[in-house]
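First listed ligand is number 1; within each ligand, the first listed atom is number 1.
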Amino acid sequence: MLEVNDLHKAYGRHEVLRGVSLAVRPGTIHGLVGANGAGKTTLLNCLYGLESGFTGTVGVGGDLRPVREVTGLVPYEPYFYPRLTGREYVEFCLQARGRAVPDLRPWNQLLELPLDQYATDYSAGMKKKLALLAVLVQQFPYLILDEPFNGLDLEANLLLKAMLKRLHDQGTGILLTSHILGTLTEVADEATVLVAGRVQRHYQAAEFGTLEADLLAALHGEKLSQLDALL
Ligand code: ATP
């Protein structure tokens with residue numbers, strides 16, 4: 001199980017995470033929901049060891065091993081070095097972990113990327129697909145996906161949903177963020193709502209029916225009244 005316990009993180013005086021706890025079990029998809037600035041990316045970065053200076057604990061298993069050892073990350077905006085082709089990027093990711101490079105052709109029949117072009121020249125959706133490809137071929141027990149559907153075309157969107165379902169069924173634990181509530185509730189088994197750096201509530205799939213109404217009430221209640229006055 002991938003665990004976050006009482007995580008606090010501040011940038012200067014700005015407390016971005018205020019005691020966040022959640023767990024991602026093997027074979028489950030856990031959605032992380034929250035408004036812009038709620039702290040989702042900061043949480044994922046702390047989990048993956050890309051942020052320091054936080055308190056609380058994060059890790060995998062009883063001995064809280066570093067999450068990065070067993071987890072693939074697809075960041076919100078994947079970074080690609082200049083003058084590296086898509087293929088070289090995937091090779092680089094695998095070699096950095098001392099892993100052999102598999103035949104990419106079967107995967108690329110699905111994703112249809114121009115692997116011999118520079119990754120920096122890819123469109124936003126192609127960049128997302130390339131970052132996904134680099135983690136999918138590694139078959140990690142856990143995945144952290146920050147807005148994985150963002151920028152994907154309709155076909156890639158459907159493909160990603162099918163991939164997530166299969167990974168889920170094979171026992172992969174997946175933590176993902178999405179601002180598209182319908183997509184998130186379609187694929188997730190449970191969800192955590194983050195409001196201003198605090199967990200507002202954990203939802204199980206059976207409770208997703210109330211999630212949208214709760215989000216509207218919690219996040220936009222005042223705004224809806226203002227909207228009533230305007231329109
Ligand atoms: P979004 O949905 O817009 O991606 P988010 O929930 O992922 O938002 P974060 O990116 O985690 O939010 O940001 C949470 C807060 O932390 C924001 O107020 C942001 O300005 C602040 N923040 C994030 N990174 C830094 C940083 N490196 N230095 C200072 N403040 C930061």
Side-chain angles (χ1 to χ4, degrees), residues 2-24 29-59 66-68 71-80 122-132 135 142-152 156-157 160-161 164 173-188 190-203 208 211-224:
L2 187 157
E3 278 181 60
V4 177
N5 298 306
D6 198 23
L7 186 63
H8 289 256
K9 166 73 188 169
Y11 293 108
R13 285 192 193 159
H14 183 189
E15 278 186 79
V16 175
L17 298 174
R18 307 164 188 226
V20 175
S21 299
L22 60 83
V24 182
I29 300 183
H30 192 125
L32 188 59
V33 186
N36 294 136
K40 303 177 299 292
T41 299
T42 305
L43 168 59
L44 302 188
N45 286 343
C46 291
L47 253 179
Y48 208 67
L50 299 174
E51 284 286 359
S52 54
F54 56 82
T55 64
T57 55
V58 296
V67 169
R68 193 195 282 241
T71 306
L73 170 73
V74 174
Y76 179 61
E77 283 186 331
Y79 175 79
F80 301 103
Y122 281 14
S123 71
M126 285 155 68
K127 284 178 178 164
K128 204 74 170 196
K129 283 197 222 174
L130 181 60
L132 278 165
V135 298
Y142 291 94
L143 293 176
I144 296 177
L145 310 175
D146 198 356
E147 292 284 347
F149 295 97
N150 197 36
L152 295 187
N157 213 287
L160 179 58
K161 271 191 234 172
L164 291 178
I174 301 169
L175 178 61
L176 67 82
T177 70
S178 178
H179 288 301
I180 310 165
L181 197 58
T183 305
L184 190 128
T185 53
E186 203 181 317
V187 299
E190 52 192 289
T192 295
V193 177
L194 214 55
V195 176
R198 284 199 173 90
V199 173
Q200 191 197 45
R201 189 174 152 187
H202 295 291
Y203 291 80
F208 283 169
L211 176 55
E212 188 167 348
D214 290 353
L215 281 175
L216 272 173
L219 302 175
H220 300 299
E222 278 178 31
K223 290 182 186 168
L224 285 180

Any idea which protein heavy atom is nearest [atom], and the distance to it?
| atom | answer |
| --- | --- |
| atom 3 (O) of ligand 1 | Asn36 ND2, 3.0 Å |
| atom 8 (O) of ligand 1 | Gly37 N, 2.8 Å |
| atom 30 (N) of ligand 1 | Tyr11 CD1, 3.3 Å |
| atom 10 (O) of ligand 1 | Thr41 CB, 3.7 Å |
| atom 18 (O) of ligand 1 | His14 CE1, 3.1 Å |

Interatomic spacing from CG in Leu22 to OG1 in Thr192 - rounded to 0.5 Å: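 Answer rounded to 0.5 Å: 5.0 Å.
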From CG (Asn45) to NZ (Lys40), nearest 0.5 Å: 12.0 Å
Sub-4.0 Å protein heavy atom near atom 25 (C) of ligand 1: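 Flag for atom 25 (C) of ligand 1 set to true, protein heavy atom closer than 4.0 Å.
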Non-hydrogen protein atom less than 4.0 angstrom from atom 28 (N) of ligand 1: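 Protein heavy atom within 4.0 Å of atom 28 (N) of ligand 1: present.
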Does [X] use its side chain to pair, donor to acceptor, with the backbone of [Y] at less than 3.5 Å?
| X | Y | value |
| --- | --- | --- |
| Thr177 | Asp146 | no |
| Tyr48 | Thr71 | yes |
| Lys127 | Tyr79 | no |
| Lys9 | Gly39 | no |

Contact (N/O only, under 3.5 Å) between Gly39 and ligand 1: yes
From Leu44, Thr42, Asn150 - option closest to atom 9 (P) of ligand 1 by heavy atom: Thr42
Chi angles and distances behind the side-chain hydrogen bond (donor to acceptor under 3.5 Å, both in side chains) call for Ser21, Asn5: CA-CA 4 Å; Ser21 299; Asn5 298 306; 4.8 Å; no
Using a 4.5 Å cut-off on heavy atoms from C-beta on, say whether the side chain of [Y] contacts that of [X].
| X | Y | answer |
| --- | --- | --- |
| Val193 | Asp214 | no |
| Leu184 | Leu176 | yes |
| Tyr203 | Val33 | no |

Numbered atoms and elements of ligand 1 in range of Lys40, under 4.0 angstrom, heavy atoms: 1 (P), 2 (O), 5 (P), 6 (O), 7 (O), 8 (O), 11 (O), 12 (O)
Atoms in ligand 1 with a heavy atom of His179 nearer than 4.0 Å: 2 (O)
Ligand 1-proximal atoms of Val16, by part, heavy-atom distance under 4.0 Å: side chain
Location of contacts on Glu147 toward ligand 1, heavy atoms closer than 4.0 Å: neither
Gly34 near ligand 1 by a heavy-atom separation under 4.0 Å: no
Non-hydrogen atom of Ala35 closer than 4.0 Å to ligand 1: yes
